[in-house]
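Lettering of chains follows the sequences in order, A, B, ..., and the numbering in each one begins at 1.
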Amino acid sequence: MKAEFNPSEIEAKWQKKWEEEKVYETDFKKTKDPYYCLTMFPYPSGARLHVGHWYMYSVPDSFSRFQKMRGKDVFHPMGFDAFGLPAENFAISTGTPPAKSTEENVGVMIEQFKRMGCMYDWSKALNTSEPDYYRWTQWLFLKMFEKNLAYKKDGNVNFCPGCQTVLANEQVWDGKCERCESEVTQKPLAQWYWKITDYSDRLLEGLDNIEWPEKTKMMQKNWIGKKQGIDIHYEIEGCEDEIVCFTTRPDTNFGATFIVLAPEHEFAKKIIDGDLKSDHKKEVADYIKKSLNKTELERQEEGKKKTGAFTGYYALNNLNGKKMPIWVSDFVLAGFGTGAVVGVPGHDVRDFEFADTYDLEVIRVVVASDGDDSPITKLEQVQEAEGTMINSGFLDGMNIHDATQKVMDHMVEKGWGKRVTSYRLRDWLVSRQRYWGSLIPIVYDPDGKAHPVPEEHLPWKIPTDVEFKPTGTSPIAKSKELKKRVEKIFGKGWTPEVDTMDTFVCSSFYQFRFLAENSQKEFVPKTIEKKWMPVDMYIGGPEHACMHLIYARFVTMALKDFGYVSVDEPFQRLFHQGLITHKGAKMSKSKGNVVSPDEFVEKYGSDVFRLYMMFMGPFADGGDWNDTGIKGPDRFAKKAYKKIAQSKFGEQSKALTVGLNRTIKKCTEEMEALRFNTAISALMEFLNLTEKEGTSQESAETFVKLLAPLAPHLAEELWESLGGKGFVVEQEWPKFDPKLIQSDTVTIAVQVNGKLRGDFEADSGVSEKDAISKAKEVENVKRFIEGNKINKEIYVEGKLVSFVV
RNA sequence: GCCGUGGUGGCGGAACUGGUAUACGCGCACGACUCAAAAUCGUGUUCUCGCAAGAGAGUGUGGGUUCGAUUCCCACCCACGGCACCA
């Protein structure tokens, strides 16, 4: 008899063997049936891996093992998204160079990942902060520049006058700097953008061809926000200017009573600058100054409390000759549509709130479906829904859709407007005024014109002679080394770009670089890229639904157009794991609710800990951390060990055969859908069955194979004890026989008037007639049907009989 | 504010395509083993009433469709994720 189950001993033993025999290294050229399973790579923080990391990485590892056993050549890589804010902040507070702290953190993380027992191919690991990697981030920038997809223009940044530094949105708390609590202001700065908007339609269309969760597709569609509408040109009384408003609801235009401009709007600027005379100049100027200091989110968050300032000017509604006052308000965003909206308070909630605040006229132009055509005086009456036109001249009587088309034709014909398609998606701002990122490979000639750094100078190294403490400019602007380097290569008076790139750029193409085996000659070898892309399964959090996942799709499409890759879509199948929270909140150092898995792994082992996390619920749901249930999987692992490594096997009973085939079916289906919780419960049920039915050698072998993706070390140990050859992870996944999963009898439930009154046993092939007559014989059922007329008899095959009396 | 997701026993959760709600596990109670404890094994465990047989209620709240609703429809409440410089 073998010794007791000792997880720390067997886990170390198998991790060593896997590494020695290179079980998990993928040879891209030799493989025949590729399966690329990618998990979003982590940021290497200084803290140890927490429970959330274990959840996010060990579960996809079980999925990869499952695919490997199903006969796929699985490539399951790991890397580090190493540029970013925390390392830079750490440098500011301690003086440790980010390169040094990052390298240390990565080293510690790799050791921890190895204890998890994941099948990562470490020979192909990536680190985005190493010159070997960021050379390609910069190469991508050069390609974007070369193809006219990169351009420079002014954009707003959060600026802290106290720290003299640009802040991330995350660092702004309630309009104040998180460090020094100064009031944060918005400051315009010349920055680089990538033209993702050129790809708006392709990004939309591509969604139809990928297997992603519907909710994610929906979020991306809304993020891109394609809308058909019309730009209406309004003349202004007493000046030559006109104002153009974008609207998707021109049908309601007879109900327009005012115009609202974004604070950034040209017309408003002209009033402040005095180019246009106005008695309200001071109010407008004060209002705009105040709102420009708010972030976009703040502007929209304030919700129902609408604020604004009247400009003193009126626009003319061509449809009915009405004079509409022109206001400025910060609920209108400059970046969407034309930065000016026409206010129809009867049929738009935000317009109504504004009209209500400033006592502007409200006109009903759509009759509600219940016939209500009373004047609109309350917010609840505002009708955005469908209906019939009223008070709208030639549109009266039409439904809103016909009216929309009719009025657009009319306006276009009269020259008052132009049909347009508008998108919510904006170009991607890639510049960051930070040190720890990929330096933008651009230099400026003495006239200030931008030139690309020729490819032969890549990687365009980040200088090290910089001051991390903020000084009002990008930290890299202070580097003498970079200045010297630029003058040496390009000539006197040339200067470097000192901004770095958004870390989302680094993570927009890593799926290709994993296949390049760190080649410095080419971005990715063509034959290998063709064979392995797209990624078969991409796993990561739903918080990336819009940003990272749109950027990666855009970059892939661009690279395809440039001729470097063969696919339009990088990720064929996508899965979002749920979030592990603690005390109801996302785990984070600042909240102090981070749970370390170390003591559990120490006590129960990696396998049991992994089982427990999978058993907590569906992978898509995540959950609130709580350790009370870990005893269950621990008992299960011990029991499995006892049953298989320490007992004798006998004959296989009929019941055990049925149970085994059902277990194979259930495990296969559930693992394919990443519902490991129910796969584990199926294995528990089978183990409970062996309590009654005993175990055979064959059923033990099958059980161990089914267990292998979930508890990899334990399964190897048990496989060895059963005398199995090779590694269990290299065995073929068990198949079930559909004939053997059915039992001979079924239990049929009987309902009377929809209430369960009893049940009976019948042969599985029982006829409808027999089932109904048998149902009438059930004691308790008799009591409820006796003396009543049966109006209806319903039979659901093999399941239920229902009487209506 | 806008976009998206979710709400089932004391707890984590299960339930195919509208067909026996609560599988599996934790916890708890009782019992066996033990000098005792732990571990292990067995029995029970949605709530209320009942010795029991059984009855009634029950999947966030209110309503609807249906012989039958956790599942479909409408309204509402609550919690969570994202909102373009956290990654």
Side-chain angles (χ1 to χ4, degrees), chain A residues 40-43 45 81 83-86 155 157-158 166-172 191 213-216 218-223 225 296-297 299-304 331 335 349-350 353 424-434 502-504 506-507 541-548 550-551 576 578-579 581 584-586 588 612 615-618 620-624 626-633 635-636 638-639 642 675 677-678 680-685 688 691 747-756 758-759 779-780 783 791-794 796 799-805:
Chain A
M40 289 179 186
F41 60 172
Y43 177 82
S45 86
D81 194 8
F83 277 137
L85 212 49
V157 294
N158 301 314
V166 174
L167 298 179
N169 285 341
E170 189 191 56
Q171 299 172 296
V172 181
Q191 308 196 70
E214 281 310 313
K215 60 167 185 175
T216 311
M218 182 65 70
M219 279 194 266
Q220 290 213 351
K221 273 181 196 157
N222 292 333
W223 188 262
E296 256 176 47
L297 194 58
R299 280 166 59 172
Q300 288 168 67
E301 254 174 2
E302 285 169 7
K304 291 183 177 165
F331 81 89
V349 168
R350 284 173 309 166
E353 286 158 359
R424 207 187 76 100
L425 185 67
R426 309 201 293 247
D427 277 338
W428 179 7
L429 197 171
V430 297
S431 295
R432 295 292 181 270
Q433 293 69 45
R434 306 203 179 277
D502 180 3
T503 52
F504 276 126
C506 310
S507 56
E543 67 273 21
H544 294 288
C546 287
M547 304 180 64
H548 162 62
I550 283 196
Y551 295 144
H576 292 306
L579 193 68
T581 55
K586 196 169 169 172
S588 77
Y612 176 55
F615 191 58
M616 272 182 1
D621 288 2
D624 200 56
N626 178 337
D627 61 15
T628 54
I630 197 165
K631 284 235 161 92
R635 284 178 192 146
F636 168 70
K638 286 197 175 105
K639 206 149 109 181
K642 202 168 88 187
R675 287 191 299 253
N677 55 330
T678 41
I680 293 169
S681 74
L683 290 173
M684 286 173 168
E685 281 178 86
N688 291 343
E691 210 72 55
T747 306
I748 294 181
V750 188
Q751 294 182 345
V752 181
N753 285 349
K755 283 224 154 79
L756 183 71
D759 57 32
E779 266 316 304
N780 199 41
R783 286 177 37 200
N791 292 324
K792 212 169 176 183
E793 294 171 345
I794 296 153
V796 180
K799 284 201 171 139
L800 168 133
V801 174
S802 180
F803 297 116
V804 186
V805 301

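Figure legend. B:C2 is base-paired to B:G82; pairs are counted as Watson-Crick or G-U wobble with both atom distances under 3.5 Å. Both distances falling under 3.5 Å, in either a Watson-Crick or a G-U wobble arrangement, place B:C67 opposite B:G19. Searching all strands for a Watson-Crick or G-U wobble partner of B:A39 with both distances below 3.5 Å returns nothing. With a cut-off of 3.5 Å on both Watson-Crick or G-U wobble distances, the partner of B:C28 is given as B:G44. Figure legend. B:C49 is base-paired to B:G54; pairs are counted as Watson-Crick or G-U wobble with both atom distances under 3.5 Å. Under the Watson-Crick and G-U wobble criteria, each requiring two contacts below 3.5 Å, nucleotide B:G9 is left unpaired.
What separates CE of A:Met219 from P of B:U5 is a distance of 7 Å, to the nearest Å. Rounding to whole angstrom units, CD of residue A:Glu685 and C1' of B:G25 are separated by 11 Å. Look at NZ on A:Lys631: it is 20 Å from P on B:C11, rounded to the nearest Å. Per the geometry, CG belonging to A:Asp624 stands 17 Å off C1' belonging to B:U5, to the nearest Å. Atom-to-atom, CG of A:Asn791 to P of B:U66 comes out at 15 Å; the value is rounded to the nearest Å. Protein atom CG of A:Asn169 is 17 Å distant from nucleotide atom P of B:G81, rounded to whole Å. For the pair A:Tyr612 OH and B:C24 P, the interatomic distance rounds to 18 Å; values are reported in whole Å. Atom CD of A:Glu353 and atom P of B:G1 are 9 Å apart (whole Å).
The side chain of A:Lys799 contributes no N or O atom lying less than 4.0 Å from OP1 or OP2 of B:G68. Dashed line: the shortest gap from a side-chain N or O of A:Arg350 to OP1 or OP2 of B:G1 is not under 4.0 Å. For the pair A:Lys792 and B:C67, the criterion of a side-chain N or O lying under 4.0 Å from OP1 or OP2 is met. Taking 4.0 angstrom as the limit, A:Arg432 places a side-chain polar atom (N or O) nearer than this to OP1 or OP2 of B:C85. Contact annotation: A:Thr503 side-chain N/O to B:A87 OP1/OP2 distance is under 4.0 Å. Between A:Asn688 and B:A23 there is no side-chain N or O to OP1 or OP2 distance below 4.0 Å. The phosphate of B:G27 has OP1 or OP2 within less than 4.0 Å of a side-chain N or O from A:Arg635. For B:G4, one of the phosphate oxygens OP1 or OP2 lies less than 4.0 angstrom from a side-chain nitrogen or oxygen of A:Asn222.
The residue A:Lys215 sits close only to the backbone: its heavy atoms come under 4.0 Å of sugar-phosphate atoms, none of a base. At the heavy-atom level, A:Val166 lies under 4.0 Å from base atoms of the strands shown. Within 4.0 Å of A:Ile794, counting heavy atoms only, lies at least one base atom of the nucleic acid. Note on A:Trp223: a base of the nucleic acid sits closer than 4.0 angstrom, heavy atoms only. When heavy atoms are screened at a 4.0 angstrom cut-off, A:Val157 is found touching base atoms of the nucleic acid. Nucleic acid contact class of A:Lys638 (heavy atoms, under 4.0 Å, all strands): none. Backbone-only engagement by A:Pro618 is indicated by non-hydrogen atom pairs under 4.0 Å involving sugar-phosphate atoms exclusively. A:Ile748 comes within 4.0 angstrom of nothing in the nucleic acid, heavy atoms only. Within the nucleic acid shown, A:Thr678 comes within 4.0 Å of sugar-phosphate atoms alone, with no base atom in reach, counting heavy atoms only. As judged by a 4.0 angstrom heavy-atom cut-off over every strand, A:His548 is placed among residues making no nucleic acid contact. Among the heavy atoms of the strands lying under 4.0 Å from A:Ser431 is at least one base atom, whether or not backbone atoms are also near.
Relative orientation of the A:His544 and A:Phe504 rings is perpendicular, given thresholds of 30° and 60° on the angle between their planes.
Distance noted for atom C1' between B:A14 and B:U66: 25 Å (whole Å). Rounded to the nearest Å, the gap between the P atom of B:A29 and that of B:U20 is 34 Å. Rounded to the nearest Å, the gap between the P atom of B:G10 and that of B:U48 is 9 Å. As rounded to the nearest Å, B:C26 and B:A75 have C1' atoms that lie 38 Å from one another. Nucleotides B:G25 and B:G9 place their C1' atoms 14 Å apart, quoted to the nearest Å. When the C1' atom is used for both B:G7 and B:G12, the distance is 15 Å, rounded to whole Å. Straight-line distance between the C1' atoms of B:C72 and B:A53: roughly 37 Å, to the nearest whole Å. The C1' atoms of B:C47 and B:U22 are separated by 13 Å, rounded to the nearest whole Å.
A:Gln191 contributes no side-chain N or O that, together with a main-chain N or O of A:Val430, makes up a donor-acceptor pair within less than 3.5 Å. A donor-acceptor pair is defined here as one N or O able to donate and one able to accept, closer than 3.5 Å; such a pair exists between the side chain of A:Arg424 and the backbone of A:Trp223.
Looking at A:Lys221, its side chain has no donor and acceptor atom pair within 3.5 Å of the base of B:C3. Under 3.5 Å, the side chain of A:Gln171 and the base of B:C86 form no donor-acceptor pair of N or O atoms. Checked by distance alone, A:Gln191 brings a side-chain donor or acceptor within 3.5 Å of a matching partner on the base of B:C85.
Taking all atoms of both residues into account, the shortest heavy-atom contact from A:Asp502 to A:Leu429 is OD2-O, 4.2 Å. When all heavy atoms of A:Ala749 and A:Asp759 are compared, the closest pair comes out as CA-CB, 3.9 Å. Considering all non-hydrogen atoms of both residues, A:Cys546 and A:Met219 come closest at SG-O, 3.7 Å. The minimum heavy-atom distance linking A:Tyr43 with A:Gly84 is given by the pair OH-O, 4.0 Å.
Under the side chain to side chain donor-acceptor pair (under 3.5 Å) criterion, A:Asn677 pairs with no residue at all, not counting sequence neighbours.
Here the NZ atom belonging to A:Lys639 is positioned 5.0 Å from the CD atom belonging to A:Glu691, to the nearest 0.5 angstrom.
Side-chain contact between A:Asn169 and A:Asn158 is present, with heavy atoms from C-beta onward closer than 4.5 Å.
Toward the 5' end of RNA chain B, the nearer of the two residues A:Asp427 and A:Thr747, judged by each one's closest nucleotide, is A:Thr747. Heavy-atom nearest nucleotides on RNA chain B were determined for A:Thr216 and for A:Val796, and the one closer to the 5' end corresponds to A:Thr216.
Picking from B:A84, B:U20, B:C85 the nucleotide with the shortest atom distance to the side chain of A:Leu425 gives B:A84.
Glycosidic torsion of B:G68 falls outside 90° of 0, placing the base in anti.
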